[in-house]
Number of protein chains: 2
Amino acid sequence: MAAHYGAGVEYALHSLLYLVDRSESARATSTRDLADLQLVPPEYLAKLFTRLQRAGITASAEGIGGGVRFARSPNQVSVLDVVHAIEGTKPLFACREIRRRCALFPERPAGEKIVEVCSIHAVMLEAQAKMEATLAGWTLQDIADRVNTKLPGEFTAGVAMWLDKRALQRGKNRKGSL
Amino acid sequence: MAAHYGAGVEYALHSLLYLVDRSESARATSTRDLADLQLVPPEYLAKLFTRLQRAGITASAEGIGGGVRFARSPNQVSVLDVVHAIEGTKPLFACREIRRRCALFPERPAGEKIVEVCSIHAVMLEAQAKMEATLAGWTLQDIADRVNTKLPGEFTAGVAMWLDKRALQRGKNRKGSL
DNA sequence: GGAAATCTACTCGGATACCGCGTGTCCGAGTTATGGTGG
DNA sequence: CCACCATAACTCGGACACGCGGTATCCGAGTAGATTTCC
């Protein structure tokens, strides 16, 4: 029932996808607008972006005209990067080394001779590596491109207009306005 | 910090590995002995074995001489089978279809035209498939063989003796108690 | 001596308590552009 | 007209409440085998 990756990852990824379409703009995008657009908790989303910033994925501009933008190109940010930024390096399996706590050898556990990792743990690590390799193979630019080929124009353009209108609604005259 | 697969999976897998070495024995193995051997909660381990039974991995014999044994050969039980039996089909990512709840289209969501799965979800599903394929590629017999090549004999034999002694000790206590 | 009753040990299944963690909210602090104010 | 100041809007970071789900425990019920009891 409960998934490995939570809602934070989903919020962050979708928000970043919207940001990809706006990465050309000179203006930063407000996290509040991003939250209102997707109907997700604004404060929570803002907190998520602080983690993305710490990971070097986005950069934040403080102050009244502030907001977030990409710190590096979206085609150099993988899905795994985002996941690690939000959730940290979450293991698929937390091995407790049960075999070493065997009732047979209370003082000197059997694991004395087991220098390598537990065999079950090894399998899990292999599975996790395969999974993360897949996530590392997709960049945000890849996904954004794929989405844009399925939703031709009107949706992306509508979102861009909506975000611009929101930004304009706050500040009236700004140099370099779109 | 929190892993995708919990302690239940670890308990079950290690217990089943011990069972592989005893799969030749005609007698069933008590779940209580299995728990005491590994110093894990006996009631909890017993509950886990009921799930393994429902999945058709093990079979239980009730009554005084009861216990558990494999329902099918250990080389036909994959790690993924055990994981599914214990944790159920746990998704890597629970997509909430955020893109459909866009503030732009409150009545008719944008997802109206999105017949396929969300692109982010698709990436996650691909990663999950890779992971599960790895887990499905390893059988309990494979892991048991690998362990036994690293721990030559004495450990496995010691465990077998310990379990046999426990089973025998119960019979003796019964005689003495009368 | 054999059949039935009893007793013990085991698994099964539900109910429940505990607790850590993800999710979401709130608030104060720091920062920056805008607009107003006074010289 | 220009310099200065107050204000609004935004991000940052910590603290905290809430709820869910995994972990663990307890108890009653059902079952099978060994022992005892009775005829």
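Each chain gets a letter, A, B and so on, in the order the sequences are listed, and its residues count up from 1. Small disclaimer: the values here were computed from a predicted structure and weren't measured.
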(message) A:D145: which residues meet the salt bridge (Lys or Arg N to Asp or Glu O under 4.0 Å) condition with it, sequence neighbours left out?
(response) none

(message) Counting the atoms with a prime plus P, OP1 and OP2 as sugar-phosphate, which does A:Y11 contact under 4.0 Å by heavy atoms, base, sugar-phosphate, or nothing?
(response) sugar-phosphate

(request) Considering just the side-chain nitrogens and oxygens of B:T50, establish if one lies under 4.0 Å of OP1 or OP2 belonging to C:dT11. (result) no

(request) Taking the side chain as every heavy atom from C-beta outward, state whether A:Y18 and A:T29 have any atom pair closer than 4.5 Å. (result) no

(message) Please pick, from D:dG13, D:dT11, C:dC12, the nucleotide with the shortest atom-to-atom distance to any side-chain atom of A:R54.
(response) D:dG13

(request) Just say parallel, tilted or perpendicular for the rings of A:Y44 and A:Y11, cut-offs at 30° and 60°. (result) perpendicular

(message) As a test of reading the structure: which of D:dT11, C:dG13, D:dG21 is closest to the side chain of A:E62, going by heavy atoms?
(response) D:dT11

(message) Using heavy-atom distances to pick each residue's nearest nucleotide on DNA chain C, tell me which of A:G6 and B:A59 is more 5'.
(response) B:A59

Restricting both atoms to N or O, compile the protein contacts to nucleotides 25-28 of chain D shorter than 3.5 Å, with distance only.
none

(request) State whether A:S30 places a side-chain N or O below 4.0 Å from either non-bridging phosphate oxygen (OP1 or OP2) of D:dT11. (result) yes

(message) I need the CD-C1' distance between A:Q53 and D:dT11, as an integer number of Å.
(response) 9 Å

(request) Nearest 0.5 Å please: distance from the CG atom of B:L135 over to the OH atom of B:Y5. (result) 5.5 Å

(request) Check the distance between C:dG24's P and A:L39's CG and give it to me in whole angstrom. (result) 13 Å

(message) Between C1' on D:dA24 and CD on B:Q38, what's the gap in Å once rounded to a whole number?
(response) 16 Å

(request) Using atom CZ of B:R32 as one end and atom P of C:dA9 as the other, report the distance to the nearest whole Å. (result) 11 Å

(request) Identify which nucleotide among C:dG22, D:dG22, D:dC12 has an atom closest to any side-chain atom of B:K90, counting heavy atoms from C-beta outward. (result) D:dG22

(message) Using side-chain heavy atoms (C-beta onward) and a distance below 4.5 Å, is B:D164 in contact with B:R22?
(response) yes

(request) To the nearest Å, give me how far apart CD1 (A:I86) and P (C:dC21) are. (result) 18 Å

(request) Send over the distance from A:R27 CZ to C:dT32 P, rounded to a whole Å. (result) 18 Å

(message) Distance alone, cut at 3.5 Å: any donor-acceptor contact between the side chains of A:Q141 and A:S73?
(response) no

(request) Would you tell me if any nitrogen or oxygen in the side chain of B:S60 comes within less than 4.0 Å of OP1 or OP2 on C:dT11? (result) no

(message) Please report the distance, rounded to the nearest Å, between CG in A:L34 and C1' in D:dA9.
(response) 17 Å

(message) Tell me the interatomic distance from A:E10, atom CD, to C:dG24, atom P, rounded to whole angstroms.
(response) 11 Å

(message) I want to verify a distance call: between C:dA9, D:dC12, C:dT11, whose nearest atom is closest to the B:I64 side chain?
(response) C:dA9

(message) For a 4.5 angstrom cut-off between non-hydrogen side-chain atoms, does A:L140 reach A:F70?
(response) yes

